[in-house]
Amino acid sequence: MAKLRQLVAGNWKMNGTAASLAEIDAVMAGIGNARCDVAICPPATLIAQAVWKSKGSALMIGGQDCHPKASGAHTGDVSAEMIADAGGKLVIVGHSERRADHGEGDALVRAKAEAGWRAGLLVVLCIGETEAQRKSGETNAVLSGQLAGSVPDGATAQNLVVAYEPVWAIGTGLTASSDDIAAAHAHIRARLAERFGDGAKAIRILYGGSVKPGNAAEILGLDDVDGALVGGASLKAADFLAIVAAAV
Ligand code: PGA
């Protein structure tokens, strides 16, 4: 099957102040001929300014998390509707750092994905195994369980992107081998097809975990890899653009 149009999304995590908006300018200047869709998810404090800066460009801006509810007494939280109101087009949910740092489980991630859809956002839903789970041969079972528990009914290529992020590869400089990435992506594709039928063929599956300019071409060239979710290497426009340029 022909490759889907890839998505390269940057996840700035808890990094970035107003001075970092210069990186958005540089990314915009560099994606004129990009073969892929390009997104940056800055911290919530910068979403509106990043959207304002990127008006008229193909760069999409998004959030890194959202609360399941649209509004209410939830101090410190940001809703999907607020991200959309600020001009965001997508939201990451279920990132392993949220699952680990905030104890988020599959049911909550599912509710957050539904909130993203309610607000009209593209949902980038993260799944992935820990090192211990991989070592004990549980990778496929973990991925199946996370997909079943956190992807809501009604997923389509227009509203969902799945990000496969082995927890042990995030921010560590370690990447899964090409064989392991291809196997995990094929497994995810098969599970999505079981549940969502033919439409699942067009749901993009991103790889995330220490994607860098030096390994992006190999990873993005693999079967069933439809883009990358990039943490550390998205903070510098030059590195991020080198990854965008590696899209196929
Ligand atoms: P990393 O992070 O590229 O710094 O490993 C990826 C992610 O957590 O999305």
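First listed ligand is number 1; within each ligand, the first listed atom is number 1.
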Contact atoms of ligand 1, heavy-atom distance to [X] under 4.0 Å:
X      : answer
Gly171 : 1 (P), 4 (O), 5 (O)
Gly209 : 5 (O)
Ala169 : 5 (O)

Check: What do we get for Ala233 next to ligand 1 when only non-hydrogen atoms under 4.0 Å count, side chain, backbone, both or neither?
Finding: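 Neither; nothing of Ala233 gets under 4.0 Å from ligand 1.
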Check: Where on Asn11 is there a heavy atom closer than 4.0 Å to ligand 1, on the side chain, on the backbone, on both, or on neither?
Finding: side chain
Next item on the list: Look at Arg204 together with Asp37 and state whether they make a salt bridge at an N to O cut-off of under 4.0 Å.
Entry: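 Salt bridge: yes.
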Next item on the list: State plainly whether the residues Arg5 and Asp226 are in salt-bridge range, i.e. N to O under 4.0 Å.
Entry: no
Shortest protein heavy-atom distance from [atom], along with the residue and atom involved:
atom                   : answer
atom 9 (O) of ligand 1 : Glu165 OE2, 2.7 Å
atom 4 (O) of ligand 1 : Gly232 N, 2.8 Å
atom 3 (O) of ligand 1 : Gly231 N, 2.9 Å
atom 2 (O) of ligand 1 : Lys13 NZ, 3.2 Å

Is it true that [X] lies under 4.0 Å from ligand 1, counting heavy atoms only?
X      : answer
Ser210 : yes
Cys126 : no
Gly208 : no

Next item on the list: From atom 8 (O) of ligand 1, work out which of His95, Lys212, Glu97 has a heavy atom at the shortest distance.
Entry: His95
Margin query: When you compare the side chains of Glu23 and Ser20, does any donor N or O come within less than 3.5 Å of an acceptor on the partner?
Written below: no
Notebook entry, point to check: Looking just at side-chain N and O atoms, do His95 and Glu165 make a donor-acceptor pair shorter than 3.5 Å?
Noted result: yes
Less than 4.5 Å apart, any side-chain heavy atom of [X] and any of [Y]?
X      : Y      : result
Lys112 : His67  : no
Arg134 : Thr130 : no
Met60  : Leu90  : yes

Note to self: As a test of understanding, state which of Val123, Ile127, Leu125, Ile203 forms a side chain to side chain contact (heavy atoms under 4.5 Å, CB included) with Val151.
What the structure shows: Leu125
Checklist line | Parallel, tilted or perpendicular, as decided by the 30° and 60° cut-offs, for the rings of His185 and Tyr164 | finding: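 Because their plane-to-plane angle is over 60°, the rings of Tyr164 and His185 count as perpendicular.
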